[in-house]
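Start at 1 with the first residue, then count along the sequence. What you see below is based on every heavy atom in this structure, not just the backbone, and it leaves out hydrogens, waters and symmetry mates. Source: prediction; values computed, not measured.
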Amino acid sequence: MIRILLSTRLGERRWTQADLARATGIRPNTINDLYHELTDRVSLEQLDLICEALGCKLEELIERKPNEHPKVVHTKSGSMISSDK
């Protein structure tokens with residue numbers, strides 16, 4: 001699972017979502033979706049702008065936690081199958 005830590009980073013800097021939207025030029029609705037982890041996609045350009053504005057590294061903004069129930073299963077032969085089927 002991919003986690004977006006935008007709420008944590010904004011809290012540390014005492015910035016609002018509106019502050020970040022003004023600093024980056026990213027739409028407030030997009031910032032809100034990222035803040036509440038409601039989005040499935042984010043552009044690399046947006047990530048770069050957010051990191052630049054907040055003075056953080058990408059790994060401080062996004063983290064990956066292993067899925068409780070893996071979606072990809074490795075077989076004995078080393079091939080992979082998706083369990084989403």
Side-chain angles (χ1 to χ4, degrees):
M1 168 181 8
I2 303 296
R3 300 283 323 272
I4 301 171
L5 306 174
L6 185 56
S7 61
T8 302
R9 298 291 84 83
L10 288 178
E12 289 171 355
R13 294 185 68 82
R14 299 180 189 257
W15 277 25
T16 65
Q17 293 178 42
D19 292 332
L20 184 61
R22 279 190 294 273
T24 60
I26 298 171
R27 292 178 42 245
N29 289 348
T30 302
I31 298 292
N32 184 65
D33 288 349
L34 291 168
Y35 183 91
H36 291 288
E37 299 185 72
L38 300 174
T39 188
D40 290 334
R41 297 184 178 129
V42 60
S43 77
L44 296 176
E45 181 179 355
Q46 290 172 339
L47 290 174
D48 187 46
L49 287 168
I50 292 169
C51 287
E52 186 175 317
L54 297 177
C56 68
K57 297 178 182 177
L58 184 59
E59 57 267 22
E60 296 171 318
L61 186 62
I62 294 181
E63 70 177 0
R64 181 184 183 275
K65 294 197 175 216
N67 293 313
E68 188 174 316
H69 303 287
K71 296 178 183 179
V72 176
V73 179
H74 295 270
T75 65
K76 289 181 182 180
S77 67
S79 61
M80 295 184 294
I81 57 173
S82 175
S83 62
D84 282 345
K85 294 181 181 177

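Contact check for L47 versus L58: side-chain heavy atoms found under the 4.5 Å cut-off. Inter-residue side-chain proximity for R13 and L54 is flagged as met; some heavy-atom pair is nearer than 4.5 Å.
Of the inter-residue distances, the one linking I62 atom CD1 with E37 atom CD reads 10.0 Å to the nearest 0.5 angstrom. The distance from the CG atom of N32 to the NE2 atom of H36 is 4.0 Å, given to the nearest 0.5 Å.
A salt bridge links E12 with R9: at least one charged nitrogen is closer than 4.0 Å to a carboxylate oxygen.
Closest approach of A53 and W15 over heavy atoms only: O-CH2, 3.5 Å.
Atom CG of L44 has 12 or fewer neighbouring heavy atoms from other residues, nucleotides or ligands inside a 6.0 Å radius. For E63, the CD atom counts as densely surrounded, since its 6.0 Å shell holds more than 12 non-hydrogen atoms of other residues, nucleotides or ligands. Heavy atoms from other residues, nucleotides or ligands lying under 6.0 Å from CD of E59 number more than 12.
Exactly one residue among T30, L6, I4, L5 makes a side-chain contact (heavy atoms from CB on, under 4.5 Å) with Y35. That residue is L6. Each of L20, I50, V42, L34 was evaluated against I26; a single residue qualifies, I50, per the side-chain contact (heavy atoms from CB on, under 4.5 Å) test.
Hydrophobic clustering places L61 together with I2 (ILVMFWY residues linked when any side-chain heavy atoms are closer than 4.5 Å, directly or through intermediates).
For N67 (side chain) and M1 (main-chain N/O), a donor-acceptor pair under 3.5 Å exists by modelled atom type. Judged by distance alone, the side chain of D48 and the main-chain N or O of E45 form no donor-acceptor pair under 3.5 Å.
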